[in-house]
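See structure below.
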Amino acid sequence: STERVVTRPYSKATVNEIWKFETSEGGNYYIKNLNGGKYLPAVNSGNSEAQCVSLSAEKVEYALTKYTDTQHKLKPTSAWYPLFAENHPSWDYGVMAWDNGANSASAWLIYEAEDLEVSLNTVGDKSYASVYLPFPVQANGVNAYTGIISGNVLGLKPQTGVIPAETGMVLRSDAAATSTNLLIGGTPGEIGTNSLGGSLSEITSNLNNYLVLGVGETSSTIGFYSLNSSVTSIPANKAFLVNGGSAISLDFDGMFTSVEGATVEGTEADAPIYDLQGRRVMKLNQGQIYLRGSKKFIAR
């Protein structure tokens, strides 16, 4: 990917939109994208796709000033112009340099990231998700678990405090819920050994090395499963298991899930069904797009 810095409506569910303002030696800021692990470089003035900003390993000092009480100017101390949102559809949008003042594409709204919205998937009377994040978080209204593999079972350990950054975990709600919010920040505690890994960027190669959280094909049972051959990537910020065989059941405090038969595949018509994030599903939602075998289809 180009790692281009792009503009889009603000969303609490998008990790890529969370940035860290690190205080510089000069009392200004280095602006770091936490998921990308890189910084905003000096902006380039001009009006072409080549001038759009991409993330950089180099730290560049930015001055933060106000146009109004709510609108901010972000200008490199070494450059003439501040950041400007170029909403150019043919470029897939991007950020470059210009100053049009308040109430323009040069004025930025900055929100403190206090929590992150995570989508949950309902299985039976409970809901689940897996996450792997670039900042510490604490569960809020759901249970968070790390885990240790023993044979074909992942023994899950509840985590009640602040969980460190880059920790793979499983979330479980004891109700049928569509989402939850994790609280961002705090001082992490010790979590001990954890078999769950993850990635801050999309994984597109060697996918047969990974097991991802999903639903078995013959029952509404949650577990970690190998990916269908038609799935081409694992999204960023998902937890997974590496080289764990073909299926791993979960042990929630002595309550086991079953994964028997979860990876058996017959003809394409009988093949397991996945959503576009590579998760096996049993219950289809009308109008949603799913994968079966090598084909996409819309549930009717």
Side-chain angles (χ1 to χ4, degrees), residues 1-117 132-137 162 164-166 182-188 199-202 236-237:
S1 76
T2 61
E3 297 185 305
R4 175 179 297 166
V5 180
V6 298
T7 63
R8 55 168 289 165
Y10 168 69
S11 169
K12 279 192 174 185
T14 306
V15 182
N16 284 340
E17 295 175 3
I18 297 178
W19 300 74
K20 182 179 181 180
F21 283 68
E22 299 179 349
T23 304
S24 69
E25 294 81 358
N28 292 301
Y29 299 97
Y30 304 121
I31 305 177
K32 183 179 184 180
N33 183 271
L34 292 178
N35 223 31
K38 295 182 179 180
Y39 296 85
L40 279 178
V43 291
N44 302 306
S45 60
N47 188 29
S48 71
E49 185 176 6
Q51 305 307 317
C52 292
V53 170
S54 296
L55 294 176
S56 171
E58 179 185 359
K59 294 182 178 181
V60 171
E61 188 177 51
Y62 271 78
L64 174 64
T65 57
K66 289 187 174 183
Y67 287 119
T68 70
D69 286 343
T70 59
Q71 300 178 28
H72 297 81
K73 178 195 291 188
L74 295 169
K75 190 183 88 64
T77 57
S78 60
W80 185 260
Y81 292 112
L83 293 181
F84 177 85
E86 178 60 68
N87 294 331
H88 197 302
S90 65
W91 300 345
D92 194 27
Y93 302 94
V95 174
M96 54 178 62
W98 196 250
D99 191 350
N100 274 3
N103 302 308
S104 78
S106 300
W108 297 84
L109 302 177
I110 300 175
Y111 302 93
E112 183 176 359
E114 297 178 337
D115 57 346
L116 176 73
E117 182 180 326
Y132 183 86
L133 301 169
F135 36 73
V137 293
V162 178
E166 299 186 39
L182 300 178
L183 304 179
I184 296 175
T187 302
S199 176
L200 300 180
S201 59
E202 182 183 43
N237 305 120

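In what follows, every heavy atom counts, from backbone to side chain, and hydrogens, waters and symmetry copies are set aside.
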So P82 and V43, do their side chains get closer than 4.5 Å, heavy atoms only? no
Kindly compute the distance separating NZ (K20) from CD (E22), expressed to the nearest 0.5 Å. 5.0 Å
For N87 and P89, the nearest pair of non-hydrogen atoms, with its separation, is O-CD, 3.4 Å
Find out whether L74 and I31 are in side-chain contact, i.e. whether some heavy atom of one side chain is under 4.5 Å from a heavy atom of the other. yes
Rounded to the nearest 0.5 Å, how far apart are CG of L83 and NZ of K73? 11.5 Å
Pairs satisfying ring-ring contact (aromatic ring centres under 6.0 Å, His included), at least one member in residues 15-67, at least two apart: F21-Y29
Starting at OG of S54, measure out to NZ of K38 and round the result to the nearest 0.5 Å. 9.5 Å
Considering all heavy atoms of both residues, which atom of V162 and which atom of P136 are nearest to each other, and what is their separation? CG1-CB, 3.7 Å
Are any non-hydrogen side-chain atoms of H72 and T65 less than 4.5 angstrom apart? no
Could you walk me through whether Y132 and L200 pass the side-chain contact (heavy atoms from CB on, under 4.5 Å) check? CA-CA 7 Å; Y132 183 86; L200 300 180; 3.9 Å; yes
Closest non-hydrogen atoms of F135 and L34, given as atom of the first, atom of the second and distance, are CD2-CD1, 3.7 Å
Is there a side-chain contact between E86 and Y93, using heavy atoms and a 4.5 Å cut-off? no
Side-chain touch W91/C52, heavy atoms, less than 4.5 angstrom: yes
Pairing residues for T77 by the side-chain hydrogen bond (donor to acceptor under 3.5 Å, both in side chains) criterion, not counting sequence neighbours: E61
Scanning both residues in full, the closest heavy-atom pair of F84 with W98 reads CB-N, 3.4 Å
Backbone N or O of N103 within a donor-acceptor pair of the Q71 side chain at under 3.5 Å? yes
To the closest 0.5 Å, what do you measure between OG (S56) and NZ (K32)? 12.5 Å
Could you tell me the separation between the CD1 atom of I184 and the CD atom of E114, rounded to the nearest 0.5 Å? 9.0 Å
Mind checking side-chain hydrogen bond (donor to acceptor under 3.5 Å, both in side chains) for N35 and listing every partner two or more places apart, or none if nothing turns up? N16, N237
Are any of the side-chain heavy atoms of V5 and L55 separated by less than 4.5 Å? yes
What's the shortest heavy-atom distance between S78 and A42, and which atoms? OG-CB, 4.4 Å
Rounded to the nearest 0.5 Å, what separation is found between the NZ atom of K12 and the CD1 atom of I18? 10.0 Å
